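Following: one structure in structure tokens, then a few remarks.
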2 protein chains.
Amino acid sequence: MTIEQELVKKLRSSNLRPTKQRLEICRVLFDRQKTFHFTISDLAQILNEKSKNKISLATIYNTVDVLKSKGHLKEISINSDKTFFDTNISNHHHFFNENTNELTDFYDEDISQIKIKKNIPGKKIKSVEVLVKVANNN
Amino acid sequence: MTIEQELVKKLRSSNLRPTKQRLEICRVLFDRQKTFHFTISDLAQILNEKSKNKISLATIYNTVDVLKSKGHLKEISINSDKTFFDTNISNHHHFFNENTNELTDFYDEDISQIKIKKNIPGKKIKSVEVLVKVANNN
DNA sequence: ACAGCAGTTTAGAATCGTTATAATGTAGAA
DNA sequence: TTCTACATTATAACGATTCTAAACTGCTGT
Ligand SMILES: [Mn+2]
Ligand SMILES: [Mn+2]
Ligand SMILES: [Zn+2]
Ligand SMILES: [Zn+2]
């Protein structure tokens with residue numbers, strides 16, 4: 001399956017027609033090697049630079065919102081200032097660089113195994129995620 | 001040191017005079033046995049119920065803000081909807097109940113020891129915190 | 001006591017990220 | 001081509017947070 005076909009599939013599985021605006025958005029989000037962590041304003045800026053025809057903020061918000069609700073994007077909360085999204089939808093951990101505001105993934109092999117010893121009666125664990133905040137030395 | 005003296009001390013160490021509004025706020029925040037996790041609207045509601053004289057939202061925001069910047073409160077981000085604050089300022093872990101939106105602390109003894117194996121050159125680790133999201137069974 | 005003054009509280013305005021609305025545009029089906 | 005459902009867009013509305021500027025409080029020095 002070509003990458004373009006995959007993008008179309010993601011959109012169709014979200015009940016979104018693969019229009020040219022939505023495809024542009026999906027190319028920025030998913031046509032890349034590494035996980036992409038972004039805010040809406042990051043994404044809007046990239047789209048404005050890359051694309052001749054402007055895509056309205058409303059379309060960007062709508063598309064990201066639907067992709068998130070269909071499980072193709074994940075929301076990450078670091079601080080209250082702005083919402084981050086993540087193209088890596090798996091349960092995973094992050095470094096947050098307080099100097100650059102950059103988010104980076106890390107994986108189970110980069111951390112000792114986590115076992116929760118406290119039991120929560122009547123509750124089910126949905127996710128266990130670690131946030132490591134880092135900053136420049138000195 | 002009495003609890004009231006401690007409240008005054010917290011305020012003074014934040015360069016805030018212990019006025020009656022600020023003391024009311026601090027009583028709600030710090031005069032309790034267990035850690036308190038709250039949003040500004042939680043706090044405002046409690047203050048409105050408890051106190052005869054209303055305290056303006058501006059004063060609540062200002063006081064919480066300064067207490068946070070002086071390290072007497074900690075900000076916790078769970079989702080983008082609203083900012084949580086925490087009277088437990090230590091590095092610690094949380095359960096978040098997705099049904100009730102309640103935050104609960106848990107401690108190092110409730111989880112296996114966490115070792116980060118990935119190295120981040122030139123960076124210093126400021127905090128390592130785990131967020132466990134839980135929801136009702138069924 | 002009282003004027004002066006620094007610091008405080010407050011209501012409301014401003015801001016900003018996000019969501020909703022409603023008018024206009026587009027493209028596939030018949 | 002016409003019809004029609006769906007998309008896109010500009011802009012308004014919204015809600016949390018921050019800012020502002022005016023009124024208030026309570027020391028301080030006389
Ligand atoms: Mn913040
Ligand atoms: Mn949310
Ligand atoms: Zn990630
Ligand atoms: Zn806590």
Side-chain angles (χ1 to χ4, degrees), chain A residues 7-8 10-29 37-48 50-70 73-86 101, chain B residues 7-8 10-29 37-48 50-70 73-86 101:
Chain A
L7 300 183
V8 170
K10 274 200 168 64
L11 286 170
R12 289 217 184 282
S13 75
S14 307
N15 297 316
L16 292 176
R17 288 187 187 164
T19 63
K20 72 175 189 303
Q21 286 90 341
R22 287 170 181 164
L23 276 169
E24 284 262 25
I25 292 171
C26 283
R27 269 181 222 114
V28 172
L29 296 182
H37 299 92
F38 64 98
T39 64
I40 293 287
S41 50
D42 293 338
L43 179 55
Q45 196 188 324
I46 292 171
L47 285 165
N48 277 342
K50 168 192 246 264
S51 160
K52 59 228 76 180
N53 32 0
K54 302 268 171 294
I55 299 178
S56 82
L57 250 194
T59 298
I60 297 174
Y61 269 107
N62 283 340
T63 305
V64 166
D65 235 54
V66 175
L67 288 172
K68 175 192 150 197
S69 74
K70 298 298 177 168
L73 289 174
K74 185 172 173 169
E75 187 182 329
I76 311 284
S77 279
I78 302 296
N79 61 45
S80 49
D81 302 338
K82 220 175 265 184
T83 302
F84 282 81
F85 294 92
D86 193 340
N101 277 22
Chain B
L7 301 183
V8 171
K10 273 198 170 66
L11 286 170
R12 290 219 184 281
S13 75
S14 307
N15 298 315
L16 292 176
R17 288 189 187 163
T19 63
K20 71 176 190 301
Q21 288 90 341
R22 287 170 180 163
L23 276 169
E24 285 262 24
I25 292 171
C26 283
R27 269 180 223 114
V28 173
L29 296 182
H37 298 93
F38 64 99
T39 64
I40 294 287
S41 51
D42 294 337
L43 179 55
Q45 195 189 324
I46 292 171
L47 285 165
N48 277 343
K50 168 192 247 264
S51 162
K52 58 228 79 183
N53 33 359
K54 301 267 171 295
I55 299 177
S56 81
L57 250 194
T59 298
I60 298 174
Y61 270 106
N62 284 339
T63 305
V64 166
D65 236 54
V66 174
L67 288 172
K68 177 192 148 197
S69 74
K70 299 297 178 168
L73 289 174
K74 184 172 173 171
E75 188 182 329
I76 311 283
S77 279
I78 303 297
N79 61 45
S80 49
D81 301 338
K82 219 175 267 184
T83 301
F84 283 81
F85 294 92
D86 192 340
N101 278 21

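First the proteins, then the strands, lettered A, B, ... as listed; each starts at 1. The structure presented is a predicted model; accordingly, all values stated were derived computationally and were not measured.
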Exercise for the section: Apply side chain to side chain donor-acceptor pair (under 3.5 Å) to A:Lys82 and list each qualifying residue two or more places apart in sequence or on a separate chain. Expected result: A:Ser41
Handout entry: Separation of atom CG in B:Asn53 from atom P in C:dT8, rounded to whole Å
Key = 17 Å
Problem - Qualifying residues under side-chain contact (heavy atoms from CB on, under 4.5 Å), relative to A:Asn53, sequence neighbours excluded - result: A:Lys20, A:Glu24, A:Ser51
Handout entry: Results of salt bridge (Lys or Arg N to Asp or Glu O under 4.0 Å) for B:Arg27 - residues two or more places apart only
Key = B:Glu4
Practice task
Measure the shortest side-chain to side-chain distance between B:Leu43 and B:Leu29 over non-hydrogen atoms and say whether it is less than 4.5 angstrom.
Solution key: yes
Completion exercise
note: A:Leu23, atom CG; C:dA27, atom P; distance rounded to Å ~ 13 Å
Exercise for the section: Quick one: label A:Lys54 by what it contacts on the DNA or RNA (base, sugar-phosphate, nothing), any heavy atom closer than 4.0 Å. Expected result: sugar-phosphate
Exercise for the section: Please list, chain by chain and in numerical order, all residues satisfying side-chain contact (heavy atoms from CB on, under 4.5 Å) with A:Thr19, sequence neighbours excluded. Expected result: A:Arg17, A:Gln21, A:Arg22
Handout entry: Between P of C:dT9 and CD of B:Glu24, the distance in whole Å
Key = 12 Å
Protein-nucleic acid N or O pairs under 3.5 Å, nucleotides 3-7 of chain D:
residue: D:dA7; atom: OP1; partner: A:Arg17; partner atom: N; Å: 3.0
residue: D:dA7; atom: OP1; partner: A:Arg22; partner atom: NH1; Å: 3.0
residue: D:dA7; atom: O5'; partner: A:Arg22; partner atom: NH1; Å: 3.2

Fill in the blank from the handout: A:Asp65 atom CG is separated from C:dA20 atom P, nearest whole Å, by 8 Å
Practice task
Looking at every strand, decide which applies to A:Ser41 at a 4.0 Å heavy-atom threshold: base, sugar-phosphate, or nothing.
Solution key: nothing
Practice task
Give the rounded distance in Å between these two atoms: NZ of A:Lys82 and P of C:dT15.
Solution key: 17 Å
Exercise for the section: List for me each residue that meets side chain to side chain donor-acceptor pair (under 3.5 Å) alongside B:Asp86, sequence neighbours excluded, and say none if there are none. Expected result: B:His37, B:His92, B:His94
Handout entry: Euclidean distance, atom CG of residue B:Asp42 to atom P of D:dA16 [Å, nearest integer]
Key = 12 Å
Problem - Contacts of A:Lys10 that satisfy salt bridge (Lys or Arg N to Asp or Glu O under 4.0 Å) - sequence neighbours left out - result: none
Practice task
Under the ring-ring contact (aromatic ring centres under 6.0 Å, His included) rule, collect the residues that match up with A:Phe38, sequence neighbours excluded.
Solution key: A:Phe36, A:Phe85
Exercise for the section: Specify the residues of residues 55-64 of chain B, ordered by number, for which at least one heavy atom lies under 4.0 angstrom from an atom of DNA chain C. Expected result: B:Ile55, B:Ser56, B:Ala58, B:Thr59
Practice task
Using modelled atom types only, decide if a donor and an acceptor are shared between the side chain of B:Thr63 and the backbone of B:Thr59 within a distance under 3.5 Å.
Solution key: yes
